[in-house]
J.: 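Right, I'll just put the structure down here and ask away after.
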Amino acid sequence: MNFSDHPPFVWPFLAGMAFIFVYLPLVYLNWLRKGKLKEFRVMPAHIFSSKTLLAVKEIFSECLLHRRIFRFNRRLGYMHMSLAFGWFLLIVVGKAETMLFTHDGFNPPYLPVFFKYFYPSGIPHTFKGYFFLTLMDLLLLFVLSGLFLAFYKRFRSRRLGMTRTTRHILPDRIALTFLWMIFPFRWFAESVTAGLAGSGGFFTLGSGKLLAGILPLDLMQEPAWWAYSVALGGFFFALPFSRYMHIFTEAVMILLKHWGMKTPERDNGYGDFELNACSRCGICTNVCQLSADAGITHSQAVYFLRDARYGLLERDTAENCFLCGRCSRACPVEIGVDELRLAARRRFAGELAAPVTGIPRGVNGQGTFPGLNTQTGSGMKSKGVAGLKVDVKEGMKGGATRDQKNGVEVLYFGGCMSHLTPGIMAATRTILEKAGISFAVLDEQETLCCGRPAMQAGLEGQAREIIARLSERIRQSGASLLLVSCPICYRVFREEYHLPIPVEHHTRYFSRLVTSRPALFHSSSLRMSYHDPCDLGRGSGIYEEPRKILRHTGTLVPVPQEREDALCCGGSLANLAITPRQRQQVTDAAYAHLTAEAPDFVVTSCPLCKKTFAAGKRPVPVIDIAEALAFSMTGDTVPTRLQKSTRELVAP
Amino acid sequence: MSTKGDKWGFQPEKSNVIVLDRPVAPLYRQLRLKVPSLASCFFCGGCSATCTASEEGMNFRVVHLLLCRGEMEKVGSLIAPCLLCGKCTLVCPRNVDTRSVVFNLKLALHELQ
Ligand code: SF4
Ligand code: SF4
Ligand code: SF4
Ligand code: SF4
Ligand code: SF4
């Protein structure tokens, strides 16, 4: 057979394939042009290293096998795998079959795709030929089974683990229609040809014989192959404008990721790969509490990424999100949605750098920090307030105050939220005093903000100014450890402050105390469920320490979704668009979840979570882990102490 | 129409009347659409009492009052020091999303410049 005279029906397929192979590289190069040259300098070192192998392994397991989706739901994983891996194998095995046949790797690109049209009986009368006929039919069945599941998912998504699925837009629907036509059409065309020739694989020949009984096959042959080719070509043309752009982009993204590119602080093109690598699988919508509890269905990761990709992003979509991290954890593509959202918020806020920041310069005008009172634990001599007086002007000049290291071990920072829940600050004091640890309180009389709320709102300039000023104060204190109650602060102190002293969240600090001096704490028969705050759990990876404390002081009651899968309390400051009512709905649902096992207390380790849960009717009280620990030290009957602390509403 | 105030000469001039329920300034109207909960503020001042930036002059209650009156000049410098820490929202007895108000105001004023 002379391959130079192609049958005309191959043209739609060839045109589509040519389009993809020219258009996609151009698009990718265009994105990469945004990056600065020096960002790429590090790349060669990564390219010629084992990282490339790791990338290939990840591409295989994620783009083809979809291992992470399997983890989420087995049926959904099978659906994605059979479509991706099955199609991939059809291409690879098909190519191998033609190469065996023509003894030429450079046979026309359409030959593997339309092989059966040209050679309905494959490689005749050999075991090899029979093997390939059977294998190709099995692969086709494999893909068709995935397609059937995809179709089934339209009506019964719950069966595939999805309570909510993505709403799709026109380009997606067009591409989807073509995609769904490809494999049934292939099966039909191969069956017609097999039925005509009277030979073929077990599946196509079987269906071909059936069809021969009811259809005039000789008239159907050409149209059937035309239809298959048009479906393929149409899909290829629609691909770059639809969600199926993810097929190739995800692979390139994984390569770039292993070669050292990151979710951008500043736009370097990698963000475009991430936006386009989203397959709109909808797993993120499925886990998002906004859709589950508050009826908000336009701002989930999938919609945010989609709108950003098409340049249609509205401010509300970027802002209506807790940045709780549940979706980025569930996302099988591991897209850095939170970072992309922050970048979008920064763009909306523009260069809004507020001229003045709100860190009080010292109330008495003498340049002293009245908040910096030194306290010492019992049994230690008080060093007095004067020891920590710092001259602002000196401090700002950098005429530092290293010599002021006066033996204070711990500098405690409550943060604004702890000022609204003074029980936490009081409990922390109690624990430190009873343990005999010397400490100073950084924000005793005035509140200071860590800067993270402004950062989450996209007000980068203002946040940086807060950070610079507050970190100066912390450096001046001369303490050897910074202790914080608020996970929001904890995270920003660790990530943005670059302090010379270690920063500890009280859960970790106190869990060490429980280990080293267990006799200080008494056990009780109280049953407690634990709420993982987003910024402490998913944000900082602290899950075990608080549980250790609770197991020591009482009985830990499990909750259905905890640790990495914990719910957000709904109070997150990162959501700037949710209405108070919707916020309350999320909070109520999370509270119901935490109290399902009827514990005596819900324990959290974040002042904002505690404050958020406190609003409304709460039969089971919510306390902070510092309070639970302080109770276990003082041996007070918890309920009486607690009634006091839950009644507190406003900072004194 | 005659009222008692009329007789005593105490009737306020029309231009001085502030009807807090009827937003007049265009920016304020937009803000009320964007953050509807602002309508339920009854100027108790709880937000201002807890404010982290009050040392620097931030006072949400005053800002809201100025907005109602359409006196926009001072608003920008008043809200500049707000750190968006969110304490005001958490203490508000009327569930006003104060933080969102200030945030949107910051962005709107920035755009106007
Ligand atoms: S963001 Fe991730 S989880 Fe959400 S639709 Fe896209 S790929 Fe799926
Ligand atoms: S970060 Fe949380 S709130 Fe935001 S979209 Fe993801 S799951 Fe929803
Ligand atoms: S709690 Fe308030 S809020 Fe936390 S410090 Fe962090 S920001 Fe300031
Ligand atoms: S606390 Fe609420 S109701 Fe009171 S003045 Fe502030 S915003 Fe208005
Ligand atoms: S968000 Fe702004 S106005 Fe509200 S308490 Fe914090 S600094 Fe004050």
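Quick note: numbers below take in every heavy atom, side chains included, and nothing from hydrogens, waters or symmetry partners. Here the structure is a predicted model, which is why all the values come from computation and not from measurement. Proteins come first, then strands; the chains are lettered A, B, ... in the order of their sequence lines, and each starts at number 1.
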J.: Please report the closest heavy-atom contact between B/L83 and A/I466, naming both atoms and the distance.
T.: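 Closest approach of B/L83 to A/I466: CD2-CD1, 3.3 Å.
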
J.: Atom CD of residue position A/E495 - does it have more than 12 heavy atoms of other residues, nucleotides or ligands inside 6.0 Å?
T.: yes

J.: Find the one option among A/E319, A/R581, A/R315 whose heavy-atom pairs under 4.5 Å with chain B are most numerous.
T.: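 Heavy-atom pairs under 4.5 Å are most numerous for A/R315.
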
J.: Given 3.5 Å as the limit, does a donor-acceptor pair link the side chain of A/R452 with the main chain of B/C85, or not?
T.: no

J.: Between the side chains of B/N95 and A/R583, is a donor N or O closer than 3.5 angstrom to an acceptor N or O?
T.: no

J.: Would you say the side-chain atoms of B/S100 pair up with the backbone N or O of A/L576, donor to acceptor, closer than 3.5 Å?
T.: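 A pair under 3.5 Å: yes.
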
J.: For a side-chain contact (heavy atoms from CB on, under 4.5 Å) check, start with the C-alpha distance between B/K87 and A/K611, then their side-chain angles and the critical distance, and finish with the verdict.
T.: CA-CA 10 Å; B/K87 278 166 78 187; A/K611 186 79 193 157; over 6 Å; no

J.: What are the two closest heavy atoms between B/R99 and A/L573, and how far apart are they?
T.: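 Looking at all heavy atoms of both residues, the shortest contact is NH1-O, 2.5 Å.
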
J.: Taking C-beta and beyond as the side chain, do A/L420 and B/V91 meet within less than 4.5 Å on heavy atoms?
T.: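 SC-SC contact between A/L420 and B/V91 confirmed.
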
J.: Before giving the answer on side-chain contact (heavy atoms from CB on, under 4.5 Å), spell out for B/L84 and A/Q456 the whole-Å C-alpha distance, their side-chain angles and the decisive distance to 0.1 Å.
T.: CA-CA 9 Å; B/L84 297 175; A/Q456 287 177 325; over 6 Å; no

J.: Check whether A/L608 gets within reach of chain B through its side chain, its backbone, both or neither, counting any heavy atom under 4.5 Å.
T.: side chain

J.: I'd like to check B/T50 versus A/H419 (side-chain heavy atoms, cut-off strictly below 4.5 Å). Are they in contact?
T.: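 Counting from C-beta outward, B/T50 and A/H419 never come under 4.5 Å.
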
